[in-house]
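Order of the sequence lines fixes the chain letters, A, B, ..., with proteins taken first and strands second; residue numbering starts at 1 for each chain.
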Amino acid sequence: MILGIDTSLGTAVAVTDADGAVLAEAASADPLGHAELIGSLLQTVLTDAAHGPVGQTAAPQPVALTAVAAGMGPGPFTGLRVGIAAARTFALGRGIPVLPVASHDAAALAVLLADPFADVPRFAVVTDARRREFAYSVYDGVDDDGLPIRSVGPALAKRDELDDVLAELGAARRDVTAIPAAMVALVAARAQAAGRTAELDEPLYLRAPDVTPPAGPKKVGS
Amino acid sequence: MASASVAHEPLVLGIETSCDETGIGIVRGRTLLSNTIASSMDEHARYGGVVPEVAARAHLEALQPAITAALAEADVSLDDLDAVAVTSGPGLAGALMVGVGAAKALAVSLDKPLYAVNHLVGHIAADILTGDEVEYPTVALLVSGGHTSLLLVRDLVSDVELLGETMDDAAGEAFDKIARILGLPYPGGPEIDKAAATGDPTAIRFPRGMSRASDMAEHRYDFSFSGLKTAVARWVEQREAAGEPVSVPDVAASFREAVVDVLVTKALDACARHDVPRLLLGGGVIANRRLREVALERAAAAGVAVRIPPLSLCTDNGAMIAALAAELIRGGRPASTLAFGADSTLPVTEIQVAPSSDAPQAVGLP
Ligand SMILES: [Zn+2]
């Protein structure tokens, strides 16, 4: 069983089995408050998963997690880091690995699985990157491992230039306001099953820290 | 029977990420087992001060390796822990949140109690790890790049009063800024100290902030260093404009003397006015040799006993956070709920954040 955590937009956690079946999930759409929420949401899904499906009367069984899937962004940095830090220490506590996932991949898989028989044409997952910018990633269906094929991104585009950028790429725009943690877990599970090692272990910040070195002493006048 | 609590000293791991040090500490009761620190100071050097986003990124990368290293040094496993502790504030919000998220997940993962505590009170708790018997009440002067606070501690876990704090820059920040004016590298504290070694501390009489009679009514124990910074900058500019030489050692020594003088004067004034013959020094600026020197000298004259923990416990660290939690546990305090966040302006009176209203948990105690 896999614990999925994503705080690239709101705060989302889920416990799934290796096939992606959701045993428990909990999420908040609040774009802030990740540090406040992460602990109780984790506790909630662990308790719910231990209790099993609604109506099950057997005694709760502690969940035997095998990995923690971490949404690595892109997303506003302060919140994003909370989930990644939580994923890393949770995994450390259980002695299980962290499987990093690009958060847009999880959103893309949700789009692609919404109707498994549909042939979804090229599309772009678009999320708010603040500061008048969007983050986007372009997808072309799924590969043989059941993973979304990301052909462009994640990258940033100015708010009023995004549509031109996507038109140029021939990608339909899909605005996403929540990353489902169960999909983060499923992307991780499929990548792991396919023996594909995660290519990212750093957060997808997409921006350098916002600082400018000081330019010599400032004059105070006399 | 009497030694029961000693035989069951709680094993606590503390996580501290309020500024630029990722601190992981492990204590067993009042015994220090590990004080592991990963600092991002070098990454801030080219900016001349701590950059919050750079610090927060560094915390995220340093946390897990630091926890692993601390466990190895303490020779304990995560399963052995009785509790996890974390700094909830005050400090840099984005930096604090990394530690809060990490600590909550670790506590839930291990199914252990979590204690969210106050960073400043943690500085006071560091003293407990020195192994000496610590007496209260004591006045505490905490000076670092992030804070300059004067506290009256009647009881570590239940009664800490803020007497005063800086109204603008922290003392450590002032050192960094003056170093920049004098063309010295970051961090400014050690550089100013070095330059001041051959300087004359009485060469220039720089102002003592918040020390005029008119300030003393309302801000007796408060500090201000921005006026001092401006005075130094102006003095240097005027000399340069007049084509006169600027003696960096004299400016450094005179500036340092002004800072040290006001810190020690106010701290000893607090001791006298509250009739407390004890002064505890904490925070990274305690590394400043002149500050320790003047504090010891004047305190001795005033009949005040000074305590200065080793520097590794004075700078920001996780051991002090673990030590404070261990004291809370010793005092029978219940753990914190999971419903707290990072509070960048957490008042010092909030020693523990979000204590649960449950009956006290018997962590590590029979
Ligand atoms: Zn501090």
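With a 4.5 angstrom heavy-atom cutoff, B/L106 touches chain A via backbone and side-chain atoms both. Looking at B/L78, only its side chain comes within 4.5 Å of chain A, counting heavy atoms on both sides. Interface residue A/L92: backbone and side-chain heavy atoms are both found under 4.5 Å from chain B. Residue B/V100 touches chain A through its side chain alone, counting heavy-atom pairs closer than 4.5 Å.
Taken to the nearest 0.5 Å, the OG atom of B/S109 stands 9.0 Å off from the CG atom of A/L3.
Side chain of B/K104 to main chain of A/S40: no donor-acceptor pair is present (N/O by atom type, distance under 3.5 Å, no hydrogens or angles).
Among B/G341, B/A95, B/S77, B/A102, the residue with the largest count of heavy-atom pairs under 4.5 Å with chain A is B/A102.
Residues satisfying the ring-ring contact (aromatic ring centres under 6.0 Å, His included) test with B/H44, not counting sequence neighbours, are none. Contacts of B/F225 classified as ring-ring contact (aromatic ring centres under 6.0 Å, His included), with partners at least two apart in sequence or in another chain: none.
Contacts of residues 72-89 of chain A with chain B at a heavy-atom distance below 4.5 Å involve A/F77, A/T78, A/R81, A/V82, A/I84, A/A85, A/A86, A/R88, A/T89, listed in sequence order. Interface with chain B: from residues 10-26 of chain A, no residue qualifies, criterion being any non-hydrogen pair under 4.5 Å.
Minimum interatomic distance between A/P209 and B/R57 (heavy atoms only, all atoms of both residues): CD-NH1, 3.3 Å.
When the shell of 6.0 Å around CG of B/D111 is examined, it contains 12 or fewer heavy atoms from other residues, nucleotides or ligands.
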